[in-house]
Chemist: 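My structure is below; once you've seen it, I'll send some questions.
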Amino acid sequence: MRRGTVRLAAAVLASGLVAGGAITAAGPAAADDGLGNHGGAAATLGGLKTFDQAVIREGGKDEKIGAGLFEMSVDNGGTLQSYCIDIRNPTQEQAKYQEVPWSASSLHNNDDAGKIRWILQHSYPQINDLAQLAEAAGAGTLSEKTAAAGTQVAIWRYSDHIRVDAVDPEAEKLADHLYKAARDVAEPKASLTLDPPAVSGKSGERLGPLMVRTNASSVTIAPPATTVPSGVRVVSKNGKPVTRAVNGTKLFLDVRAGAADGTAQVMAEAATKVPVGRAFTGIGQHAKSQTQILAGSSESTVSAEATVNWAKKGAIPALSAKKNCAKGGVDIMVSNRGDEPFMFTLAGQEHTVAAGTSETTTVPVQEDEAYKITITGPNGFEETFAGMLDCKTASSSGGSTGGATDSTPDSATAAGNDQPSSKPSPVSAGGSTGETSTTEGGDLADTGSSSPAPLIAGIAAAMVAVGGGTVLFLRKKKATPPSE
């Protein structure tokens, strides 16, 4: 695998931030659903690959579903395996997912989240010696299918707090063992982030810092794009150009004095194994797809980005957003590193952020409903964050079941057969095959390790903001021509 491939996408966008305290939009720029920590792995769900059967026992009724490992393909290289942590929320076929912190998922208020991670660390596929796993559980013979099913059942008992049993007796013994043995462990760190996701300041200064947080041994930072004025560089605290970084590195954007007012997207990339226990939520049109939790990872491409704004004088804001599941809303963070106050309107309220200060406002939004949060300011300034909040497990009254159940009328599961349908419906990617993968060591059960391909150049113009939630980031340009 080629390691450390990175693109730093940066561009001075038309109009930018104008002097004299007047603010205009720096766009147009758009991103496909990025929010929160702005970093990590983005992947596409391939379906339920290694599974057996389980039964939900609720309201005096038994409902059979598929239970086991999903597989996801990482954008630009890599493969992930995951379990479901939202049993009654269906998956969507070929759904797009993003790595997120627990605080941006249904685990945010789950006191048993740490126990779920313990199960992941002490069962299949992390423990791929099935004889050893069976002995620890007091079970007989375990196959990959039954090991995956038993692990999923144990996870569901903690993620959804529901009565669910494995159909296979040995898988049920494994589920009971894992459930009883589980202990609380800490949330894993992100594979890669740049923190904070947005900064600003005056030209002639070093703008930042942007802290690199990663589990990768090395992160590559490319120089700014050719569209950025000369003299704008990514540097360390002492002013030396930076092309590679490690966990804890502080990055700055050195903008020469007199540079035209503008905006740049700083982007980093690395090849690493995503930590077991990281949550993945659907993004974009797949925002309501079943939440997943990572069980295994090949070496995969991960990336992170941050926005940097600069101007000669006036208010110089930096805006970002992240899901706040604890408060049932979206946090809008606004900082101002200019020399005049930044006045804006958010959710019908007037706000003023003094020079050199910052402000965070939580905007309440409804669970599972699309939202659009727009910030407006002087001279046509407008910035929008849009998406969907998915912070809760689906209610048992919702009717649809997660796992491998196919919601189509002719599904094998609906017909009472032992196997789920091999043809997932548009709202269920489970049960795509009944095949299992082999496990020959490593963090992933023989799914292979793809070489990450380079990210597409020119990301700044169509900013792909990765991060911990479901948000679309849009900017509208002032009506005056860019040449003005």
Chemist: Nearest 0.5 Å please: distance from the NZ atom of Lys115 over to the OG atom of Ser159.
Modeler: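 Reported value, rounded in 0.5 Å steps: 13.5 Å.
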
Chemist: Would you call Lys288 and Asp368 a salt bridge, taking side-chain N to carboxylate O under 4.0 Å as the test?
Modeler: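 Result for this pair is no, no salt bridge flagged.
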
Chemist: Would you say CG of Asp111 has more than 12 non-hydrogen atoms from neighbouring residues, nucleotides or ligands within 6.0 angstrom?
Modeler: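 Not buried by this count: 12 neighbours or fewer within 6.0 Å.
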
Chemist: So does Thr79 get a backbone contact from the side chain of Ser298, meaning a donor-acceptor N/O pair under 3.5 Å?
Modeler: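 Confirmed, Ser298 side chain pairs with Thr79 backbone.
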
Chemist: Counting only heavy atoms not in Glu135 (residues, nucleotides, ligands), do more than 12 fall under 6.0 Å from its CD?
Modeler: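 Not more than 12 within 6.0 Å, no.
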
Chemist: Looking at Tyr83 versus Phe70, is the centre-to-centre ring distance below 6.0 Å?
Modeler: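 No, ring centres 6.0 Å or more apart.
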
Chemist: Kindly indicate, with the supporting measurements, whether the criterion side chain to side chain donor-acceptor pair (under 3.5 Å) is fulfilled by Thr44 and Lys96.
Modeler: CA-CA 5 Å; Thr44 300; Lys96 302 295 184 182; 2.9 Å; yes

Chemist: Checking Ser289 against Tyr97 for the side chain to side chain donor-acceptor pair (under 3.5 Å) test, could you report, in this order, the C-alpha distance in whole Å, the side-chain angles of both residues, the deciding distance, and whether it holds?
Modeler: CA-CA 9 Å; Ser289 191; Tyr97 278 81; 2.8 Å; yes

Chemist: So, Glu63 and Arg88, do they make that salt bridge, N to O below 4.0 Å?
Modeler: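 Salt bridge flag = yes for Arg88 with Glu63.
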
Chemist: Scan side-chain atoms only and decide if Lys392 and Ser106 contain a donor-acceptor pair under the 3.5 Å cut-off.
Modeler: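 No, no side-chain donor-acceptor pair sits under 3.5 Å.
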
Chemist: Report the C-alpha separation of Ile119 and Tyr158 in whole Å, then their side-chain angles, then the decisive distance to 0.1 Å, and conclude whether the side chain to side chain contact (heavy atoms under 4.5 Å, CB included) test is met.
Modeler: CA-CA 10 Å; Ile119 291 171; Tyr158 281 125; 3.8 Å; yes

Chemist: Nearest 0.5 Å, please: how far is CD1 in Ile85 from CG in Asn110?
Modeler: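 Spacing of CG (Asn110) from CD1 (Ile85) equals 8.5 Å.
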
